Amino acid sequence: MPVEKLQFQAETKRLLDLVVNSIYTNKEIFLRELISNASDALDKLRIESLTNTDIASDMEPEIFIAPDAKAKTITISDNGIGMTRDEVIANIGTIAKSGTKDFLDKLRESTAAAAQELIGQFGVGFYSAFIVAEKVELVTRKVGTASAVKWISDGAGEYELEEGDKDSCGTTITLHLKPEFCGEGVEYDFTDVYELERLIKKYSDFVRYPIKMEFEVSGSSEDTPSLEIRTVNSMKPLWTRPKSDITREEYDEFFKQQMHEWEPPQEIFHVKAEGTTEYTALLCIPKHAAPNLYYTDYDAGLQLYSRHVFIMDKCKDFLPDWLRFVKGLVDSPDLPLNISRELLQQSMGVKVIGKALEKNILKQLGKMLRDDRDRYEEFWLEYGKSLKIGVYNAMFDTKTQDALKDLLLFRTSRDGKFSTLAEYVERMPESQTKIFCATGKDAAAIERLPQMELIRERGLEVIYLTDAVDELATNILRTYADKEFQSITRDDFELDDAESQKVKAEVDEIAKTREDLLRDVKDAIGDAVKEVRLTSRLKSGAVCLATTEGPSLIMEKTFASMNNPMFKATLILELNPNHALFSKLERLHAAGKDTPAFRDMCTTLYALALLTEGVMPENPADLVNKVTDLLTK
Ligand code: ADP
């Protein structure tokens, strides 16, 4: 195979620049990242050999780290699964995660400190090699294939591929260190075995395969030192130790190593159960949501162990999809060692363990909400959406819904702060029988709704539904504490106080005598609205839109923008009979329902009602012309 020069995929290149040039305070983490890739490759080989007897390997799995002070290199080798040429291009030349673009956009807008945190969340893995290396060589041979491939890059945008030389399967990565990372007198000498030993113990102690290095036997002669190979990591599974013996730092390090986490997790769950189903679970909620958490390519799931032996990664059958942000592992002696994914799905043990874990997580979240509101709100900002998706997904599971609804937070019109539903209900005045809510793109858009004016005047509070999933979730719940959710933009929204009821009765009286007018306005607008009617819910506003059964207009638009036209709002145009525009409409109507002046007025009112909801009318140019005419008259 001739040497080929290939370009990194554009986004990979940008990310690489950022990794290498961003202010990394922690230069050491490259070793952890590469060791954890090696450990993954060993896992993959083990799993493959369970089902494919052809590749049963007699080699003991291991990771070998070999520094070379003279050559200024470190070599990290594994006898894992290896990669084919195509896999090298796909895995090392590309970062095909969705959300990469969003991530890079966010990164560009953030400050240096925030940028570092963001890079951490993204997990740059292999590319961290370029933090310390000016050139990286990777030689890999996929199990079951005869040839190896060599990948070389200086991280500057191009990489070379050529035929490699390797006797057996696995991957060897050689880092040609930058001068500041080797030799005497530098802050970090990554060619020093003892320095590397310290790093491995610190970051990779729980890796479940031996990480070996060659050391001089102490006391051997300086000229011809005897050498010995030692395993540096303890490999002892943390979760088998008693909880009381484990420090928070040990847990944090464990999740960083095992779950490719960058920062200490926000919450940790260490659950041991005995009885009919025996298991230990060690789970965490990462501090930040993965950028692609809500994309279909997000690979959720827990690691599965049986009697401390790793069986399977990304096992999705334990936790429901809405808990996809939880990471960790389950170790259970009740599960057979070479269980297939299909069998696992049907396994009662998995179902029982999964349900128990879900209950445990919900309980711990409830406790956090009660005992540490600030921490819960931090959690909510990252994962609140998942809980609301949970409400929606648990459509037929009232138990889960019941647990989830007490964990929901919404911002409200009271002070824009988060409120639980219980807190909202607690504050409701006696005369209010329903939970008022409104859907909008954000709080400001809801505050601008003309319907909000009376709400404010009466000192009432509205829950803001600003996330696409909010309206779906409240529709599924229907009630909280026996109080219905009532959208203030729904046609059946009424205020119960005496003053509001009085105004409503007056408006109903006027409406009786304006049936012709309302019918003709509807005719002039056409099928865009189902009905035109008078309203008592506006004060200084002239028009607004209401919806009947079904989604709100904003929800329709939100879902349409996601290419999901499933939701269609049924609109009602509402007119304020106490507004000067209404008198004008009546005058124009009296002059003739087919006159252009009346018809233009009707369509303009509809367009204005759309605009107040923040929705663009279908023909904005037409509206502009009409308003320009009016202004010049
Ligand atoms: P991540 O590990 O988060 O997927 P990386 O950038 O670290 O991201 O690695 C990208 C991919 O390259 C891995 O998912 C894996 O498929 C492949 N890879 C990296 N290192 C090795 C290795 N030592 N052996 C086999 N495959 C590897």
Side-chain angles (χ1 to χ4, degrees), residues 8-9 11-16 18-20 29-49 55 57 59 61-66 74-100 103 119-133 136-145 148-151 153 155 159 161 164 166 168-175 203-204 207 209 211 255-262 286 290-293 295 297-301 303 313-314 327:
F8 283 114
Q9 178 209 30
E11 279 168 0
T12 306
K13 185 168 174 301
R14 280 172 59 201
L15 198 58
L16 238 159
L18 281 161
V19 174
V20 179
I29 52 80
F30 77 94
L31 192 61
R32 176 185 80 200
E33 295 296 310
L34 298 179
I35 288 177
S36 96
N37 280 350
S39 160
D40 289 350
L42 290 165
D43 282 344
K44 286 180 193 157
L45 180 61
R46 228 185 64 77
I47 292 166
E48 184 80 19
S49 64
I55 59 163
S57 155
M59 283 213 294
E62 66 169 39
I63 299 165
F64 202 90
I65 315 279
I74 316 179
T75 304
I76 296 134
S77 315
D78 65 71
N79 51 2
I81 192 143
M83 283 178 273
T84 62
R85 182 178 178 279
D86 288 348
E87 284 169 343
V88 170
I89 296 176
N91 296 339
I92 306 290
T94 324
I95 299 183
K97 285 179 195 157
S98 23
T100 309
F103 163 78
I119 293 173
Q121 287 170 52
F122 199 78
V124 283
F126 177 79
Y127 298 101
S128 60
F130 289 104
I131 301 172
V132 295
V136 177
E137 281 176 2
L138 173 148
V139 180
T140 185
R141 178 167 157 191
K142 175 86 176 209
V143 69
T145 65
V149 52
K150 186 170 181 179
W151 177 100
S153 178
Y159 59 90
L161 275 185
K166 207 165 180 322
S168 52
C169 72
T171 303
T172 299
I173 297 171
T174 306
L175 309 181
Y203 292 114
S204 309
V207 167
Y209 299 104
I211 304 171
F255 283 109
K256 285 196 212 165
Q257 284 171 38
Q258 294 279 95
M259 303 295 152
H260 299 262
E261 278 302 308
W262 200 264
N292 62 341
L293 184 63
Y295 289 81
D297 70 347
Y298 180 77
D299 206 4
Q303 289 181 348
D313 203 5
K314 309 287 181 194
K327 287 188 163 186

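Since this is a predicted model, take the numbers as computed values, not measurements. In each ligand, atom 1 is the first atom listed, and ligand 1 is the first ligand listed.
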Any residue meeting side-chain contact (heavy atoms from CB on, under 4.5 Å) with K44, in chain and number order, not counting sequence neighbours: I81

Non-hydrogen atom of K44 closer than 4.0 Å to ligand 1: yes

Proximity of D78 to ligand 1 by residue part, where a heavy atom lies under 4.0 Å: side chain

Contact check: T171 vs ligand 1, nitrogen or oxygen atoms, below 3.5 angstrom: yes

Between Y209 and D78, a side-chain donor and acceptor under 3.5 Å: no

Within reach of ligand 1, part of T140 (heavy-atom separation under 4.0 Å): neither

Side-chain heavy atoms of K150 within contact of L161, under 4.5 Å: no

Minimum heavy-atom distance between P291 and Y295, given as atom pair plus value: O-CE1, 3.6 Å

Atoms in ligand 1 flagged as close to F126, the criterion being non-hydrogen separation under 4.0 Å: 5 (P), 6 (O), 7 (O)

Flag side-chain contact, heavy atom, 4.5 Å: I173 against I74: no

Enumerated ligand 1 atoms positioned under 4.0 Å from heavy atoms of I92: 12 (O)

With sequence neighbours excluded, residues passing side chain to side chain donor-acceptor pair (under 3.5 Å) with T172: none

Min N/O separation N37 to ligand 1 under 3.5 Å: yes

